[in-house]
Amino acid sequence: MTPATLRRSYVESTPRERIVALADPGTFREILDPFARCSSPYLAEQGVVAQRDDGVVIGRALLEGRDVGAIAVDGRFLGGSIGEIGGAKIARVLERARDGAFLLLDTGGIRLQEANLGLLAIAEICDAIVALRERAPVVAVIAGRVGCYGGMSIAAALCSQIVMSPVGRFGLNGPEVIEQEAGIEEFDARDRPATWRATGGLRRVAQGHADILVEDDLDDIARTLREAFRATRNRERLSLARLRDRFAESAPA
Amino acid sequence: MKGAIWAQALLENARAVPGFPPSVIVLDGTIAHLAYRAISILPNASARFPRARNGEFGLDEGLAVAEAVRGASGDSAILSIVDVPGQAFGRREEAAGLHLSLAVAVESYVEERRRGRPIFALIVGKAISGAFLAHGMQAGWIGALSDGDVEIHVMPAASVARVTRSTDDEVARIASVVPATARDVATFAAFGALDALFDVIDSRAPAPAEIEQVRAAIDQARREGLGTRAPADRLRRPPAAARRALALDVRRRIDEAW
C-alpha cells in the first residue's frame with residue numbers, strides 16, 4: 001500500500017502525464033503534439049479560443065511490451081468535446097494500433113461547435129473500436145472530472161474492458177455536458193450527488209456496466225490497465241438478455 | 001410515422017416480423033427480388049418508459065433494433081429507415097444505462113456489416129444525435145429525402161440556442177459560416193456523408209415514382225456492393241476532399257509519423 005502522501009492523483013494530472021504514467025516507462029511517443037499546431041479553425045468564429053492539440057493527445061506506447069495506441073481526451077478543453085481534428089486523431093490511432101489501444105476518456109461527447117463533423121468522426125471511432133477489439137484489447141478508462149458522455153459513451157461501451165474510478169461518471173445524457181461545454185447555469189447543483197449515485201464508477205461497476213473499479217491513483221490505474229489488457233473481452237456487458245433484465249428492473253411499475 | 005410509411009412503401013411482399021415493441025417496426029420483404037429487413041422507430045404513446053413515447057431512441061428501442069439486425073435471415077440486407085428526434089432524455093434511462101442500449105444497436109450494425117451483411121439507411125425525417133449514431137450512421141450507404149423536414153444534427157434545435165446562450169439568429173448565422181453546425185440535408189450531403197438525395201413532393205405520402213426511384217438506387221447500391229462500406233470510407237467520397245480536408249490531413253500526418 002502506497003502511503004497517501006506519495007500517491008499521484010489521476011484527476012489532478014494532465015492528459016499527457018496520465019499516458020506517460022500508465023505506459024511502460026519512457027515508451028510514449030506523441031503524434032501531432034501541440035507543436036504540430038493542429039487546432040480547430042471553427043472555434044474563433046464562435047468566440048472560443050482553440051487549443052493546439054484540439055484537446056486530444058495521441059500516440060504510440062508500449063504496455064508490457066505490447067505496441068498499443070494511446071489516446072487521452074483533455075476534459076479541461078471544451079469539456080473534452082470531440083470535433084473534426086480530435087475525432088480524426090482518435091479514429092486513426094484505433095485503425096493503426098497493432099496490439100490494442102487504451103483510451104483515457106474525459107469527454108462530454110460531440111463538440112457542439114463542430115456538430116456534424118464530430119458526429120461523423122464518432123461513427124468512425126465506433127467502427128474502429130469494434131474492428132480492433134476483434135484482434136486485440138481496447139480498454140477505456142473513465143476516471144476524470146468530466147466523465148464520459150454523449151457519443152463517446154457509446155464508443156466506450158463498445159470497448160473490451162472499461163475501468164472506472166468513483167470520480168468517473170458514465171452515461172449518455174449528462175447535465176455536465178451542458179454546463180461544461182456551453183456554460184448553462186440552469187442545472188440544479190443539488191442534483192449532482194444524485195448524478196454520481198446513478199452514473200458514477202461505484203454504481204456502474206456494481207451494475208456490471210463497467211468492469212473494474214480503481215482508486216484515483218495513477219499507480220493503481222497502471223496496474224489495473226495491464227490487468228484489463230490480459231483479460232478477455234467482456235461480452236456479457238452488451239448481452240441482449242442481460243440488458244433486457246436490467247432495463248426491466250428500471251421500468252415504471 | 002414517416003418511418004413506417006416509407007418502410008411499408010419501399011418493401012415489396014412485406015410482412016411484419018412479430019415480437020418487437022410497438023415503437024419498433026420490423027418488416028421483411030424484397031426490393032427487386034432481393035431480401036431486405038426494414039427497421040424503423042415509431043412513436044408509441046403507451047411505451048412503458050414515458051420519455052420514449054414520441055419516437056425517441058430509448059432503452060427498449062436499442063434492444064429491439066439490435067435484435068432485429070442480428071436476427072435477419074442470412075441473405076437479407078438491412079434497411080434502416082431513419083426518423084428519430086433524439087434519444088430519450090430521462091433520469092430513469094440514465095440510471096439504467098441508456099448508452100448501453102445505443103451501444104448494443106451500434107455493435108449489431110457494425111458486426112453484421114463487417115460479416116458482409118449490406119446495411120442501407122434512408123433518412124426520411126429527423127436524424128438527431130446518439131439516435132442517428134445508433135440507427136443509420138453505421139450503414140454502408142445512406143440516402144436521404146431532399147425535404148425541408150429532414151434534419152441532421154447532434155442536438156434538438158430548441159436546445160442549441162439555449163445551451164449556447166445565444167439567439168436563434170446567432171445560431172443561424174454560425175450555421176452559415178460553420179456548415180458543420182447546420183441542420184439541413186444539403187449541407188450534410190456536402191461533406192460526402194450521403195450517397196443519394198431524393199426529391200419528394202410530400203414526404204408523408206410518397207408517390208409511386210418516388211418510391212421506385214429510391215428502390216432503384218438501393219438496388220443499384222446493393223449490386224455494387226456499397227452496403228458493406230465502413231464509415232471512414234465516407235472520407236473517400238469526392239466532396240470530402242475539400243469539406244473534410246482537415247480530417248484527411250490529420251489522418252495523413254498520423255500515418256507519416258506512425
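Letters A, B, ... are given to chains in the order of the sequence lines, protein chains preceding strands, and every chain is numbered from 1. Because the structure is predicted, anything quoted here is derived from the model rather than measured.
- For the pair A:N116/B:T181, no side-chain contact is recorded, criterion being any heavy-atom separation below 4.5 Å from C-beta on.
- Interface residue B:F188: only side-chain heavy atoms are found under 4.5 Å from chain A.
- Heavy-atom pairs under 4.5 Å with chain B peak, among A:A115, A:A88, A:G151, A:G118, at A:A115.
- Closest heavy-atom contact between A:F247 and B:F49: O-CZ, 3.5 Å.
- For the atom pair CG of B:L246 and OG of A:S39, the computed distance is 9.0 Å after rounding to the nearest 0.5 Å.
- The minimum heavy-atom distance linking B:R48 with A:A251 is given by the pair NH1-CB, 3.7 Å.
- Between chain B and the options A:I58, A:V130, A:I129, the largest number of non-hydrogen pairs under 4.5 Å is found for A:V130.
- Contacts of B:A134 with chain A are absent, with no heavy-atom separation under 4.5 Å from either backbone or side chain.
- Taking CG of B:L133 as the start and CD1 of A:I110 as the end, the distance is 5.5 Å to the nearest 0.5 Å.
- In terms of non-hydrogen atom pairs under 4.5 Å with chain A, the most contact-rich of B:V110, B:T187, B:L100, B:L98 is B:L100.
- In this structure, chain A has heavy atoms under 4.5 Å from both the backbone and the side chain of B:V104.
- Contacts between B:D255 and chain A at a heavy-atom distance below 4.5 Å involve backbone atoms as well as side-chain atoms.
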**OP:** Tell me, with the steps shown, if A:Q113 and B:V178 meet side-chain contact (heavy atoms from CB on, under 4.5 Å).
**Re:** CA-CA 8 Å; A:Q113 292 89 344; B:V178 184; over 6 Å; no

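- Around the CG atom of A:D67, the shell of radius 6.0 Å holds more than 12 heavy atoms that belong to other residues, nucleotides or ligands.
- Annotation for A:A123 and B:Q138: closest pair O-NE2, 2.9 Å, computed over non-hydrogen atoms.
- B:R253 CZ to A:L32 CG: the interatomic distance, rounded to the nearest 0.5 Å, is 5.0 Å.
- Rounding to the nearest 0.5 Å places NE2 of A:H209 at 6.5 Å from NE2 of B:H99.
- In terms of heavy-atom pairs under 4.5 angstrom with chain B, the leader among A:D127, A:L243, A:I31 is A:D127.
- Only the backbone of B:A182 comes within contact range of chain A, with at least one heavy atom under 4.5 Å from a heavy atom of that chain.
- The shortest distance between side-chain heavy atoms of A:V93 and B:W258 falls below 4.5 Å.
- Between chain A and the options B:H153, B:R244, B:R234, B:R243, heavy-atom pairs under 4.5 Å are most frequent for B:R244.
- Salt bridge B:E67/A:R244: present, at least one basic N to carboxylate O contact under 4.0 Å.
- Heavy-atom distances place no part of A:R203 under 4.5 Å from chain B, backbone and side chain included.
- Counting non-hydrogen atoms of neighbouring residues, nucleotides and ligands closer than 6.0 angstrom, the CZ atom of A:R52 reaches no more than 12 such neighbours.
- At a 4.5 Å heavy-atom cutoff, the contact between A:A131 and chain B is made by backbone and side-chain atoms alike.
- Inter-residue side-chain proximity for B:E93 and A:S250 is flagged as unmet; no heavy-atom pair is nearer than 4.5 Å.
- Not a single donor-acceptor pair under 3.5 Å links the side chain of B:Q87 to the backbone N or O of A:L172.
- Using a 4.5 Å heavy-atom cutoff, the side chains of B:M137 and A:L120 are in contact.
- With a threshold of 4.5 angstrom between heavy atoms, A:A248 approaches chain B through its backbone and through its side chain.
- Under the 3.5 Å distance criterion, the side-chain polar atoms of A:E114 are left unmatched by any main-chain donor or acceptor of B:A180.
- Of the atoms belonging to B:V250, heavy atoms from both backbone and side chain fall under 4.5 Å from chain A.
- Of the atoms belonging to A:T199, it is side-chain heavy atoms, and not backbone ones, that fall under 4.5 Å from chain B.
- Contact annotation for B:R114: only side-chain heavy atoms (C-beta onward) come within less than 4.5 Å of a heavy atom of chain A.
- Atom CZ of A:R233 has more than 12 neighbouring heavy atoms from other residues, nucleotides or ligands inside a 6.0 Å radius.
- Only the side chain of B:L235 comes within contact range of chain A, judged by heavy atoms closer than 4.5 Å.
- For the pair A:Y42/B:I174, no side-chain contact is recorded, criterion being any heavy-atom separation below 4.5 Å from C-beta on.
- Looking at heavy atoms from C-beta onward, A:K89 lies out of side-chain contact with B:R251 at the 4.5 angstrom threshold.
- Side-chain atoms of A:E124 do not come within 3.5 Å of backbone N or O of B:A232 as any donor-acceptor pair.
- For the pair A:R246/B:L59, no side-chain contact is recorded, criterion being any heavy-atom separation below 4.5 Å from C-beta on.
- Ion pair A:R133/B:E107 flagged as a salt bridge, since at least one NZ, NE, NH1 or NH2 atom sits closer than 4.0 Å to an Asp/Glu carboxylate oxygen.
- A:L117 touches chain B through backbone and side chain together, each having a heavy atom under 4.5 Å away.
- Once rounded to the nearest 0.5 Å, the distance linking CG of A:L158 with CD of B:E111 reads 9.0 Å.
- Of all heavy-atom pairs spanning A:E84 and B:A247, the tightest one is OE2-N, 3.3 Å.
- Both the backbone and the side chain of A:A36 come within contact range of chain B, judged by heavy atoms closer than 4.5 Å.
- B:F132 touches chain A through its side chain: at least one heavy atom from C-beta onward sits under 4.5 Å away, while N, CA, C and O do not.
- For chain A, the nearby parts of B:S101 are the backbone and the side chain; heavy atoms of each come within less than 4.5 Å.
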Original post:
Could you go step by step and tell me if A:Q46 and B:V177 meet the side-chain contact (heavy atoms from CB on, under 4.5 Å) rule?
Top reply: CA-CA 10 Å; A:Q46 302 179 65; B:V177 289; over 6 Å; no

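- With a 4.5 angstrom heavy-atom cutoff, A:Q207 touches chain B only via side-chain atoms.
- Considering only heavy-atom pairs separated by less than 4.5 Å from chain B, the leading option among A:E249, A:R197, A:E95 is A:E95.
- Note that the CD1 atom of A:I154 and the CG atom of B:L102 stand 4.5 Å from one another [nearest 0.5 Å].
- Of all heavy-atom pairs spanning A:L240 and B:A66, the tightest one is CD2-CB, 3.8 Å.
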